[in-house]
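Only a predicted model underlies this, so the values are computations on that prediction, with no experimental measurement involved. To find a chain, count down the sequence lines: A is the first, B the second, and so on, and within it residues start at 1. All heavy atoms count here, side chains included; hydrogens, waters and symmetry mates do not.
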Amino acid sequence: MESMRVRFAPSPTGFLHIGNARTAVCNYVLAKKMGAAYVLRIEDTDMERSSRESEQSILEDLRWMGINWDEGPDAGGGCGPYRQSERFDIYKRYTDALLEQGKAYHCYCSQEELDDMRKAASDAGRPFTYPGTCRNLSAADRKKFEDQGRKPTVRFRVPDGQTITVNDLIKGRVVFESENIGGDFIIVRSDGTPIYNYIVIIDDTLMKITHVIRGEDHLPNTPKQVLIARALGLPVPEYAHLALVLGPDRAKLSKRHGITSVEMYRKEGYLPEALVNYLCMLGWATESGEDILPFDEIVRQIEMQNLARSAAVFDFVKLRWMNANYIRSADLARITDLCVPYLREAGFDTDSYPRPWFERVIDLVRGNCEVLSDITKHAPLFLREIMEPNEEADAILREEDSRKIIAEAKRLLETDLSEENFAAELVNRIKAATGLKGKKLFHPVRALFTGSLAGPELDQAIPLIGYERCRARAEFMYGKYAG
RNA sequence: GUCCCCGUCGUCUAGGGGUCUAGGACACCGGGUUUUCAUCCCGGCAACAGGGGUUCGAAUCCCCUCGGGGAUGCCA
């Protein structure tokens with residue numbers, strides 16, 4: 001049996017969209033499962049919209065997600081080139097053969113003429129089918145059009161009475177009739193560049209792809225591709241059409257639903273393993289019901305036949321929940337490194353902190369972060385010299401008892417307590433001196449040193465804030481409330 | 001319009017004729033822990049789209065209807 005091969009074939013016309021990312025991930029997981037080679041092919045036949053920058057950013061996003069391809073534009077391989085724009089001569093040979101055998105023909109209908117026909121059909125409430133205007137042009141007809149300066153497209157002659165059966169690995173048996181395809185379709189544009197539906201099947205067979213795993217939106221196009229394969233005498237791969245990802249309003253996921261590019265998820269501070277994990281859980285579930293599991297375990301448990309047939313709504317909230325879980329349990333040194341850029345951007349000189357202390361800070365606040373960028377909301381407590389009290393803290397600090405606490409804290413930090421012992425004794429000494437306890441004690445103390453009523457445990461936070469800053473904050477609050 | 005796919009809690013799903021008064025996760029609502037927040041723990045709310053069949057028995061099989069999505073491009 002020939003070795004299995006899958007492919008991911010993005011069109012470099014923008015950022016890697018989350019829906020395509022899921023296709024890439026599904027291909028990757030299933031490839032690992034089957035021991036298949038992973039081929040990356042760039043579908044850049046639409047010269048207008050394709051760009052190298054876009055291709056680069058897609059590759060970068062794929063790498064970030066941990067997807068490694070065995071063959072691709074930058075990786076080489078025996079079936080290259082892997083950019084369709086570099087394969088035009090290959091397609092031309094197939095087009096010439098089709099033309100020669102009368103399985104395809106030149107069409108001189110202009111875009112405007114086609115648009116008019118489409119509109120007329122739509123107005124009459126009929127489905128548009130290309131009427132075959134140019135199906136049987138004589139040499140004289142063709143000469144006349146050429147003289148008019150018309151550049152022809154190439155149309156594939158769709159045979160009548162053909163039944164195309166796709167035994168989809170996910171959807172099951174799907175049957176199409178060639179009559180319903182919409183008539184002879186264009187396979188080469190008038191500028192000579194080929195169309196997706198035409199060359200996708202050529203490349204899939206030339207690149208020896210055994211399993212085409214792609215979005216369900218391609219299912220209705222599959223019969224066209226199969227017909228091309230038949231005309232060319234090429235084998236047809238196995239197909240697996242993944243159910244689509246929808247927005248909360250059940251429409252195809254798009255920008256207006258929120259973040260849809262992988263790059264944005266990375267910038268917001270999502271961990272790649274969290275994104276990959278979540279994407280796998282869209283349309284699939286483990287036997288045990290676990291949602292969070294390592295990649296290797298997903299590979300071990302996933303089964304193509306168990307992938308959902310129905311479309312799934314993308315749940316941003318659940319993704320955040322999953323990401324928060326990963327942030328809490330990931331390696332601390334790594335999370336610390338990943339947090340640095342966010343803090344740096346927020347204006348903190350992260351290089352100036354001792355690393356062990358910095359890691360303890362990150363460890364103490366990571367539990368409050370759903371995305372890494374949240375670190376800028378929770379870490380400053382330890383990075384700033386003083387903390388301006390927020391509204392709630394202000395209200396607490398204005399109370400009579402709080403003034404006693406502030407005064408006592410200031411006195412203790414300036415006289416009785418040293419840098420070595422302050423953390424262990426500070427709160428107890430304040431308690432002893434003021435006679436306050438419980439909420440009456442802890443609320444003001446927290447407000448005094450953190451400027452807030454919410455935050456990490458004081459026992460751990462105070463030593464990390466450190467003697468100098470505690471003293472500075474006590475002095476600051478003293479001036480503000482007790483002076 | 002036509003063709004194709006799909007319909008289980010708000011969302012992701014488990015289920016594949018009896019073990020289903022339908023299970024799990026997120027969200028939400030209570031309670032507990034944390035003298036705070038987050039975490040964590042406990043509890044609760046909440047679904048088989050509708051109608052016909054088949055069957056002793058249907059969420060599960062069949063048909064119809066309805067609903068949703070996709071395709072119908074000189075985009076991919």
Q: Looking across every strand, which nucleic acid part, if any, lies under 4.0 Å from A:Ile186 by heavy atom: base, sugar-phosphate, or nothing?
A: base
Q: Give A:Val200 one of three labels, base, sugar-phosphate or nothing, depending on what nucleic acid heavy atoms sit under 4.0 Å from its own.
A: nothing
Q: What's the gap between B:G7 and B:C12 when it is taken at their C1' atoms, as a whole Å value?
A: 15 Å
Q: State which of B:A76, B:C26, B:A71 makes the closest approach to the side chain of A:Trp321.
A: B:C26
Q: Tell me which of A:Arg446 and A:Asp249 sits closer to the 5' end of RNA chain B, going by the nucleotide each one is nearest to.
A: A:Arg446
Q: Name the closest nucleotide to the A:Ser190 side chain, picking from B:A27, B:A76, B:C74.
A: B:C74
Q: Please state the C1' separation for the pair B:C29 and B:G69 - nearest whole angstrom.
A: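 That atom pair is separated by 33 Å.
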Q: Would you mind classifying the nucleic acid contact of A:Cys280 as base, sugar-phosphate or nothing, using non-hydrogen atoms under 4.0 angstrom?
A: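 Since no nucleic acid heavy atom lies under 4.0 Å of A:Cys280, the category is nothing.
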Q: Determine whether the aromatic ring centres of A:Tyr105 and A:Phe156 lie less than 6.0 Å apart.
A: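 No: the rings miss the under 6.0 Å criterion.
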Q: Quick check: A:Tyr198 with A:Tyr196 (ring centres under 6.0 Å apart)?
A: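 Distance test on ring centres: not under 6.0 Å, no.
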Q: P atom, B:A59 versus B:G53: distance in rounded Å?
A: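 The same atom, P, in both gives a distance of 15 Å.
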Q: In whole angstrom, what separates A:Phe176's CZ from B:U2's P?
A: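 So the two atoms are 17 Å apart, to the nearest Å.
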Q: Does A:Arg155 make a cation-pi contact with A:Tyr130, if we ask for NZ or CZ under 6.0 Å from the ring centre and within 45° of the axis?
A: yes
Q: I'd like to know if A:Asn368 reaches the base of B:C37 with its side chain, counting only an N/O donor and acceptor under 3.5 Å.
A: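 Yes, the side chain and the base share a sub-3.5 Å donor-acceptor pair.
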Q: Can you find a side chain N or O atom of A:Arg309 that sits less than 4.0 Å from OP1 or OP2 on B:G7?
A: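 No, because none of the side-chain N or O atoms of A:Arg309 sits under 4.0 Å from OP1 or OP2 of B:G7.
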Q: For B:U72, give its Watson-Crick or G-U wobble partner with both distances under 3.5 Å, or none.
A: B:G1
Q: Under 4.0 Å between a side-chain N/O of A:Arg118 and OP1 or OP2 of B:C74, yes or no?
A: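 So the side chain of A:Arg118 is within the cut-off, an N or O lying under 4.0 Å from OP1 or OP2 of B:C74.
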Q: Distance between the P atoms of B:U55 and B:A14, in whole angstroms?
A: 30 Å
Q: Looking only at heavy atoms, which two atoms of A:Val29 and A:Cys280 are closest? And how far apart?
A: CG2-SG, 3.8 Å
Q: Looking only at atom P, what distance separates B:U13 and B:C6, rounded to whole Å?
A: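 Rounded to whole Å, the distance is 14 Å.
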Q: Out of B:C40, B:G1, B:C74, which has the shortest distance to the side chain of A:Pro127?
A: B:G1
Q: If only side-chain N and O atoms of A:Arg214 are considered, is one of them under 4.0 Å from the OP1 or OP2 phosphate oxygen of B:G70?
A: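 A:Arg214 to B:G70 OP1/OP2: no side-chain N or O under 4.0 Å.
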Q: Classify the angle between the aromatic ring planes of A:Tyr38 and A:Tyr28 as parallel (below 30°), tilted (30 to 60°) or perpendicular (above 60°).
A: perpendicular
Q: Return the value, rounded to whole Å, for the distance between atom CG of A:Leu244 and atom C1' of B:G7.
A: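 That distance rounds to 15 Å.
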Q: Report the residue (A:Lys171 or A:Phe314) whose heavy-atom-nearest nucleotide on RNA chain B is the more 5′ of the two.
A: A:Lys171
Q: I need the CG-P distance between A:Asp291 and B:G24, as an integer number of Å.
A: 13 Å
Q: A:Pro456 near the nucleic acid: base, sugar-phosphate alone, or nothing, with a heavy-atom cut-off under 4.0 Å?
A: base
Q: Could you tell me how far apart A:Lys224 (NZ) and B:U72 (P) are, to the nearest whole angstrom?
A: 6 Å
Q: Testing A:Arg41, A:Glu71, A:Arg7 for side chain to side chain donor-acceptor pair (under 3.5 Å) with A:Tyr82, which one passes?
A: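 Option passing the side chain to side chain donor-acceptor pair (under 3.5 Å) with A:Tyr82: A:Glu71.
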Q: Once you apply a heavy-atom cut-off of 4.0 Å, does A:Gly438 come out as touching a base, just sugar-phosphate, or nothing?
A: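 Base contact.
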Q: Under a 4.0 Å threshold between the charged nitrogen and the carboxylate oxygen, would A:Arg83 count as salt-bridged to A:Glu55?
A: yes
Q: Atom CD of A:Glu370 to atom P of B:C26: distance rounded to whole Å?
A: 13 Å
Q: Whom does B:U54 pair with, Watson-Crick or G-U wobble, provided both distances fall under 3.5 Å?
A: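 Partner of B:U54: none found under 3.5 Å.
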Q: Could you tell me which nucleotide pairs with B:U39 by Watson-Crick or G-U wobble geometry, both distances under 3.5 Å, or answer none if nothing does?
A: none
Q: Looking at A:Arg189, I'd like to know whether one of its side-chain N or O atoms comes within less than 4.0 Å of OP1 or OP2 on B:A76.
A: yes
Q: At less than 3.5 Å, do the side-chain atoms of A:Lys318 and the base atoms of B:A27 form a donor-acceptor pair?
A: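 Check fails, no donor-acceptor contact within cut-off.
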Q: Rounded to the nearest angstrom, tell me the gap between atom OH in A:Tyr278 and atom P in B:A25.
A: 16 Å
Q: Mind telling me whether B:G16 is syn or anti, cutoff 90° either side of 0?
A: syn
Q: Do any side-chain nitrogens or oxygens of A:Thr45 fall under 4.0 Å of OP1 or OP2 in B:C75?
A: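 Result: no.
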Q: Any strand is fair game: report the nucleotide pairing with B:C20 by Watson-Crick or G-U wobble, both distances under 3.5 Å, or none.
A: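 Result: none.
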Q: Could a donor-acceptor pair under 3.5 angstrom be found where the side chain of A:Asn221 meets the base of B:A76?
A: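 Answer yes: a donor N or O sits under 3.5 Å from an acceptor.
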Q: Does a salt bridge link A:Arg150 with A:Glu113, judged by any charged N lying under 4.0 Å from a carboxylate O?
A: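 Judged by the 4.0 Å cut-off on N to carboxylate O distance, A:Arg150 and A:Glu113 do form a salt bridge.
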Q: Determine the contact category for A:Gly283: base if any of its heavy atoms lies under 4.0 Å from a base atom, sugar-phosphate if only primed atoms, P, OP1 or OP2 are that close, otherwise nothing.
A: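 Sugar-phosphate contact only.
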Q: Taking 4.0 Å as the cut-off, does a side-chain nitrogen or oxygen of A:Lys252 come that near to OP1 or OP2 on B:A71?
A: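 Answer yes for this pair, as a side-chain N or O of A:Lys252 is under 4.0 Å from OP1 or OP2.
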Q: List the steps and the verdict of salt bridge (charged side-chain N to carboxylate O under 4.0 Å, His left out) for A:Glu408 and A:Lys431.
A: CA-CA 10 Å; A:Glu408 180 61 13; A:Lys431 179 179 180 180; over 6 Å; no
Q: Does B:G67 have a Watson-Crick or wobble partner in any strand here, with both distances under 3.5 angstrom, and which is it?
A: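 Base partner found: B:C6.
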Q: Measure from the side chain of A:Thr153, starting at C-beta and using heavy atoms only, and say which of B:A27, B:C74, B:G69 lies closest.
A: B:C74
Q: Under 4.0 Å, heavy atoms only, any strand: does A:Gln111 hit a base, just the sugar-phosphate, or nothing?
A: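 Base contact - A:Gln111 has a heavy atom under 4.0 Å of at least one base atom.
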Q: Can you tell me, in whole Å, how much space there is between the C1' of B:A46 and that of B:U11?
A: 12 Å
Q: Write down the distance between CD (A:Glu457) and P (B:A38), rounded to a whole number of angstrom.
A: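 In whole Å, B:A38 P and A:Glu457 CD are 14 Å from each other.
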Q: Quote, to the nearest angstrom, the P distance that separates B:C28 from B:G16.
A: 32 Å
Q: Quantified in whole Å, what is the C1' atom distance between nucleotide B:C26 and nucleotide B:G51?
A: 34 Å
Q: Send over the distance from A:Phe128 CZ to B:G73 C1', rounded to a whole Å.
A: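 Atom CZ in A:Phe128 sits about 10 Å away from atom C1' in B:G73.
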